[in-house]
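For reference, the structure discussed in these notes is given below.
Numbered from 1 within each chain, the chains take letters A, B, ... in sequence-line order.
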Protein chains: 4
Amino acid sequence: MKALIYHGPGKKKLEEVPKPSLREAPDAVVRIIKTTICGTDLHILKGDVPTVAEGRILGHEGIGIIDETGTGVSRFGKGDRVLISCITACGKCEYCRRGMPSHCEQGGWILGNTIDGTQAEFVRVPFADTSLHPIPGSAEEDAMVMLSDILPTGYECGVLNGAVKPGDTVAIIGAGPVGLAALLTAQFYAPASIIVIDLDDNRLEAAKQLGATVVINSSNGKAVEKVMAMTGGKGVDVAMEAVGVAATFGICQEIVGAGGHIANIGVHGASVTLHLEKLWSQNITITTRLVDTVSTPLLLKSVMAGKLKPKQLITHHFALD
Amino acid sequence: MKALIYHGPGKKKLEEVPKPSLREAPDAVVRIIKTTICGTDLHILKGDVPTVAEGRILGHEGIGIIDETGTGVSRFGKGDRVLISCITACGKCEYCRRGMPSHCEQGGWILGNTIDGTQAEFVRVPFADTSLHPIPGSAEEDAMVMLSDILPTGYECGVLNGAVKPGDTVAIIGAGPVGLAALLTAQFYAPASIIVIDLDDNRLEAAKQLGATVVINSSNGKAVEKVMAMTGGKGVDVAMEAVGVAATFGICQEIVGAGGHIANIGVHGASVTLHLEKLWSQNITITTRLVDTVSTPLLLKSVMAGKLKPKQLITHHFALD
Amino acid sequence: MKALIYHGPGKKKLEEVPKPSLREAPDAVVRIIKTTICGTDLHILKGDVPTVAEGRILGHEGIGIIDETGTGVSRFGKGDRVLISCITACGKCEYCRRGMPSHCEQGGWILGNTIDGTQAEFVRVPFADTSLHPIPGSAEEDAMVMLSDILPTGYECGVLNGAVKPGDTVAIIGAGPVGLAALLTAQFYAPASIIVIDLDDNRLEAAKQLGATVVINSSNGKAVEKVMAMTGGKGVDVAMEAVGVAATFGICQEIVGAGGHIANIGVHGASVTLHLEKLWSQNITITTRLVDTVSTPLLLKSVMAGKLKPKQLITHHFALD
Amino acid sequence: MKALIYHGPGKKKLEEVPKPSLREAPDAVVRIIKTTICGTDLHILKGDVPTVAEGRILGHEGIGIIDETGTGVSRFGKGDRVLISCITACGKCEYCRRGMPSHCEQGGWILGNTIDGTQAEFVRVPFADTSLHPIPGSAEEDAMVMLSDILPTGYECGVLNGAVKPGDTVAIIGAGPVGLAALLTAQFYAPASIIVIDLDDNRLEAAKQLGATVVINSSNGKAVEKVMAMTGGKGVDVAMEAVGVAATFGICQEIVGAGGHIANIGVHGASVTLHLEKLWSQNITITTRLVDTVSTPLLLKSVMAGKLKPKQLITHHFALD
C-alpha cells in the first residue's frame with residue numbers, strides 16, 4: 001500500500017509499504033477514506049517530537065472502513081464506516097476509567113507517533129472498540145474527519161476546561177484550526193461575546209464568519225489594551241491560548257479577569273513566565289490538557305443534529321499522492 | 001394611586017389607595033412602568049394561596065423608576081430604571097448566602113403575597129439593593145418584564161436544575177409561558193433536540209417558532225409512546241414538568257432515560273405517585289425549586305448580547321385600567 | 001463443584017454442578033475464596049426478582065483467585081487475587097463510558113441474576129478486565145468482600161448522590177448493612193452530625209459504634225418530630241433512604257430541609273407518594289441509583305490507607321456448606 | 001484607646017489614639033477581645049504592601065463584642081460576641097453575588113490595609129451584617145480567632161481549590177500556619193495520605209501531630225525524588241503551595257501527577273517559571289485565590305461539632321502591650 005513515511009527532520013516520502021495486519025485480539029485494520037494533516041505533523045517534520053522514529057507512517061486523524069477485526073473486537077465488523085480517534089484508549093487502565101485516555105497506560109497519542117498512523121491506505125488501530133466511533137449512515141465524511149482531533153481538542157481543552165457559560169466574555173488567542181474549533185464549540189454555551197485575536201487578517205476574517213463577535217489583529221501590540229477597554233477594565237471570563245508560545249500565554253494573563261479561567265490549548269516547546277506576583281490574589285484557574293476525545297460521542301450527536309457544522313473548517317482537499 | 005386589590009377568592013378591583021412610603025432603611029419606592037399577570041396571580045384569585053390576605057395589592061413582576069430610597073440603599077438613586085425581581089433577597093441570611101434567596105428569612109416571594117405588590121402605580125421594595133437590578137440604557141422595556149419571574153423560573157428550575165448539555169435530548173411538558181421560557185433558555189446549551197408536549201396546538205405552534213425540534217399534542221394519550229420511539233426506547237436526558245399536575249409529572253417518569261433528570265417547574269396543589277418500584281435502579285435525579293432569581297444578571301447580559309429575545313414571549317399589552 | 005442453586009421461590013439447595021468454563025475472549029474463571037449473602041439474595045428467594053430463572057447459582061459478591069483467563073484478558077493472570085464487582089462492565093458501551101456500568105448494555109447486575117453467580121466454588125466472570133479489581137498483597141480478605149457491593153452501594157447511592165459535605169446534618173433511615181455502609185463512608189466528608197433512624201435497638205447500637213452522632217428508634221412514630229427539633233425546625237441537609245418502603249421514604253420527605261437532598265438507596269417493590277404540593281418550592285434533589293461500582297478503586301485506596309475499616313460490618317462467618 | 005500603628009517600613013508603635021466611631025449605616029464598632037499577628041502583617045512591616053499608608057492601625061483578624069451598630073445593621077446588636085472576617089463584604093456587588101467577596105467593589109481585604117484594623121481596643125467594621133459572624137455561646141475564643149483568616153485561607157485556597165477527595169495523595173509545601181490550616185481541613189475529605197514538606201523540623205513535627213501521614217525535610221534537595229518514589233512515579237493528586245516563592249511552586253510542578261491540581265495559597269512577590277513545555281499535556285489545573293471567607297459558616301459548624309480543632313494551631317498568647 002501507499003503511505004507517507006517520516007525519514008527524520010525535514011524528510012518525508014510517499015512510499016509503497018506492506019499493508020498492516022492484526023497483532024492483538026482488540027486490534028482492527030481500517031482502510032482509510034480520508035485523513036488530514038495536523039499542525040502536530042508539521043512539528044514532527046521539524047524534528048520537534050523525538051518519540052517519532054524514522055520509518056514511521058505519519059497521521060493520527062481520519063475516517064475509514066473496517067477491513068479486519070481481531071477476536072477481541074465486539075462493537076465493529078468488516079465494512080463498518082468508522083471515525084478514528086487521535087487518542088487510543090485501552091478502556092481498562094486507571095486513566096481510561098478516570099475519563100483521561102490521553103494518559104492511557106497502553107494508548108494515548110500513539111498513532112503516527114510511536115506506532116504507524118493514518119496517512120496511508122490502511123492503518124492498524126489497537127483497542128478498536130474503545131478507539132473508534134461508528135459513523136451514522138447519513139453523516140458527511142468531510143465533517144467527520146474534523147472529529148478525530150481538532151474539534152475535541154478545541155472543545156475539551158478550550159471550552160470545557162475554560163468552563164464557558166452563558167453570558168460570558170470569552171477571548172481566543174490564535175485563529176488557527178484548533179482556535180477556530182474552540183470558537184465553533186464555545187457557541188454551544190451562548191457566551192455574550194467571543195473575541196478572537198490573531199496576527200493574520202485572513203484568519204480573523206474566517207473567525208468572523210464562524211461566529212466571533214469581535215476580532216483583533218494583535219500585530220500592533222494593542223490587543224490587551226483593547227480587550228481591557230471593551231470589558232470596562234474587568235478582563236474576560238475565559239481566555240484560551242491556542243498558539244503555544246510565551247507571548248500569547250502572556251496576553252491571556254493580562255486579560256483574564258478576577259475569578260476567570262485561562263485554558264491552555266497550545267503545544268508549548270518552552271517554559272513561560274507566570275505572573276504570580278499579580279495573579280496570586282486574582283482567583284484564577286489555569287488548565288492544561290492533552291485531548292482525551294471523550295467528548296467525541298457528544299460532538300457526533302451535535303453534528304448529526306445540525307448544531308455543529310465542522311465542514312466550515314475545511315478549505316482544501318487533496319488526493320493522497 | 002391606582003392599584004389592583006385582592007378581595008378574597010374570585011374578587012379583585014382596581015381601586016384608589018395611598019401611595020406606599022419607605023419603612024425600613026433598605027427600602028425603595030418604585031414607580032411602575034410595566035407589570036404582568038402571572039399564572040400565580042390566577043391561582044391567588046381562585047383562593048389557592050392562603051398567605052394572600054384580603055386587601056392585598058397583587059403582582060410580583062415589573063419594571064419601574066426609582067422614586068425614593070431609604071438610608072440603607074447604596075446601589076440605586078432616584079430616577080434609576082430598575083427591574084423588580086419576584087424574589088426579595090435580604091442578602092444576609094444563611095439562605096441568601098447559599099444562593100437560595102427563594103427561602104430568604106425575611107424575603108423570598110413576598111411581593112403581591114404577604115406585602116403589597118406591583119400591579120399598582122407605585123410599589124415599596126424591601127432590600128432594594130439586593131432585590132432590584134439596574135436596566136441598561138438601551139434595553140427594551142417589554143423584554144425586561146419577562147426577566148422578573150418567567151425567564152429565571154424556566155432557566156433555573158428547568159434548564160439549570162435539569163443540567164441540560166450539548167447533545168442532549170430534552171422534553172418540556174407544558175408550553176405555557178414558563179415552559180416556553182425553559183424552551184428559550186435550554187437553547188443556551190445546544191441540546192441535540194427539544195421535544196415540547198402540550199394539549200393545545202396553538203401553544204405547540206408557538207413552541208415551534210421558538211425553537212422546539214419536535215412538538216407533540218398529547219391529547220390522544222400517545223405522547224409517551226412517541227417519545228420512546230424517537231429515542232430508540234432509551235428515553236430522554238432531561239424531562240421538564242411545566243404544568244403542575246400528576247398526569248404531566250407521570251409522563252416525565254415514563255420518558256426519562258437511565259441517568260436522566262426530571263426537573264419540576266410546575267406549582268403542584270396535590271401529591272403525585274412516584275414509581276420507585278421502577279425508578280429506584282434508573283440513576284435518575286428529580287429536582288424541585290422555587291425560583292431564586294440568582295441568574296437574572298446572566299439573563300440580562302444574554303438579552304443585551306442578543307442571545308436571548310424575551311419579547312418573543314409577549315402576545316398582548318394592556319393599560320393598567 | 002459445589003454451588004447454591006435457586007429452585008424457585010423459597011427453594012435453594014447446595015448441589016454438585018459442573019465447574020464453569022471460559023466462553024468469550026474477555027472471560028475469566030475465578031475460584032471463590034469468600035462470598036456473602038446480600039439482602040437482594042433474600043428478595044430472590046422470596047420470588048421478588050423475576051429475572052432469576054430456576055437453576056441459577058446465586059451470589060454477586062466475593063473475592064477469589066484467577067483460575068483461567070480468556071484471550072481478551074490482559075490485566076489479570078492465573079493466581080491473581082481479585083475482588084469481584086457485583087456489577088459487570090463491558091467498558092465499551094455508551095453507559096460504561098458515561099460512568100454508569102449499572103446499565104451496561106451487556107453487563108450490569110447479571111451475576112447471580114441472569115448468569116450464574118458467586119455462591120459456588122468457581123464463577124465465570126465476563127469482561128474480567130473491567131469487572132474485577134486486583135487485591136493488594138497486604139489486604140485483609142474479610143474487608144475486601146464488603147467492597148463487592150455493600151460499600152460502593154452505600155457510598156455511591158447514599159453519600160455521593162446525597163452530596164454530603166463538611167458541616168452537614170445527615171440522616172440515614174435504616175441501619176441494615178447498606179445503611180451502615182453509608183454511615184461509614186459519609187464520614188469521609190466530615191459532616192457535623194449523622195442521625196441514624198431504625199426500629200431495632202441492636203442495629204442502632206451498632207450504628208453508634210460506627211460513628212452515628214445520634215440514633216433514634218422510630219417505633220414510637222416520633223422520629224420526624226425529634227429530627228425537626230434537633231435541627232431547629234430546618235430539617236436535614238441530606239436524608240438517605242436505606243430500607244426500600246414507602247414509610248421510610250415518607251420520613252425522608254418530612255425531614256429534608258430546603259435545598260436538601262434525598263438519596264434513595266433502598267430497593268423498592270411499590271410506588272410511593274411524593275408530596276410535591278409541599279416540596280415543589282423546597283429546592284430539593286431526589287436521586288435514585290443502582291450501584292455502578294465505579295468508586296471501588298477509591299474505596300480500595302481508602303481501605304489500604306486505613307481510612308475505611310469495612311471489617312466492622314462483619315458479624316458472622318460460615319463455611320459454604 | 002491603644003492601637004498598634006504602622007509608621008513606614010520597619011516601624012510600628014503601640015499608641016493612644018481616638019476610639020473609632022460609626023460612619024455609614026452598615027457599620028459596627030467592635031470592642032476587640034482577641035486578635036493575632038498574620039504573616040501578612042510582617043510583610044507590611046517590611047514595606048512590601050504599598051496600599052498600607054503610614055498611620056494605619058494594623059490587623060485583620062480577631063473576635064470581639066459589638067459596641068455600637070449603624071442604622072443599616074440588622075443581624076447584630078450591642079453586646080453580641082462576633083468573629084471578624086479578614087474580608088469585608090458589601091453583599092451586593094457582582095463579586096459578592098458570585099461568592100467572591102475577596103474582590104468586593106467596596107470591601108475585600110481592607111481592614112489593617114486601606115482602613116484601620118483590629119490590633120487595637122476597638123475597630124470599625126464596614127458592612128457588619130455580611131462581614132461579621134455570630135459566635136455561639138459555648139465556643140472557645142481562642143479557636144474562633146483562627147477562623148478570621150488562617151483556616152478559611154487554608155481551606156478555600158488549598159483544599160477546596162485543590163479539590164481534595166477521598167483516596168487522594170496530597171502534598172502540602174510549607175508547614176507555616178496556613179499550611180497547617182490546609183493540613184487540618186484537608187482531613188475533612190479523608191485523603192489516603194498527606195505529605196508535608198518544609199525546611200524546619202519543628203514545623204514538620206507539628207505537622208505530624210496534626211495529621212500528616214509523611215513529612216519531608218526538603219533542605220537536602222531530595223523532596224521531589226522522595227515524593228515520586230512514594231507515588232510509584234505517578235506524582236500526587238493535589239500539590240498545595242503554602243510559602244509564596246518560586247522554589248516551592250517549582251516543587252509543585254515537579255510532583256503533580258497527570259490530571260492533578262496545584263493549589264496556590266502563598267503570597268508571591270515575584271513571577272515564577274511555569275514549565276508548559278512539560279505540563280501542556282499533563283491535564284493539570286492550577287488555581288490562585290485570595291481567601292473569600294465564604295466557608296466561615298461551614299468551618300464554624302465544624303468547630304462546634306468537634307470535627308475541627310483550631311486551637312491546635314495556637315502556640316503563644318500575649319497581651320496587647
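Annotation for Cys90(C) and Cys96(C): closest pair N-SG, 3.6 Å, computed over non-hydrogen atoms. Contact between Val294(C) and Glu156(C) at its shortest, heavy atoms only, is N-OE2, 2.9 Å. When every heavy atom of Cys104(C) is checked against every heavy atom of Gly107(C), the shortest pair comes out as SG-N, 3.1 Å. Between Ile87(B) and Trp109(B), the shortest heavy-atom contact is CD1-N, 3.8 Å. Closest non-hydrogen pair, Asp292(B) versus Ser102(B), comes out as OD1-OG, 2.5 Å.
For a residue to count as touching a neighbouring chain, one of its non-hydrogen atoms must lie under 4.5 Å from one of that chain's; by this rule Asn161(B) does not touch chain C.
In the model, His60(C) has a side-chain atom that pairs as donor or acceptor with a side-chain atom of Asp149(C) under 3.5 Å. For the residue pair Ser193(C) / Thr213(C), no side-chain donor-acceptor distance below 3.5 Å is found, with atom types taken as modelled.
Between the Thr153(B) side chain and the Val291(B) main chain, no donor and acceptor come within less than 3.5 Å of each other. Judged by distance alone, the side chain of Arg56(B) and the main-chain N or O of Asn113(B) form a donor-acceptor pair under 3.5 Å. Although no hydrogens or angles enter the test, the distance criterion places no donor-acceptor pair under 3.5 Å between the side chain of Asp198(C) and the main chain of Gly174(C). With Ser148(B) contributing its side chain and Gly62(B) its backbone, the two residues share a donor-acceptor pair below 3.5 Å.
The interface of residues 282-289 of chain B with chain C, defined by heavy-atom distances below 4.5 Å, comprises Gln282(B), Asn283(B), Ile284(B), Thr285(B), Ile286(B), Thr287(B), Thr288(B), Arg289(B). Residues of residues 229-247 of chain B lying within less than 4.5 angstrom of chain C, judged on heavy atoms, are Lys234(B) in numerical order. Contacts between residues 249-277 of chain C and chain B, counted as heavy-atom pairs separated by less than 4.5 Å, involve Phe249(C), Ala258(C), Gly259(C), Asn264(C), Gly266(C), Val267(C), His268(C), Gly269(C), Ala270(C), Ser271(C), Val272(C), Thr273(C), Leu274(C), His275(C), Leu276(C), Glu277(C).
Taking the salt bridge (charged side-chain N to carboxylate O under 4.0 Å, His left out) definition, one finds that Arg97(C) meets it with nothing, sequence neighbours left out.
A perpendicular orientation is assigned to the rings of Tyr155(B) and Phe188(B), their planes being inclined by more than 60° (bins at 30° and 60°).
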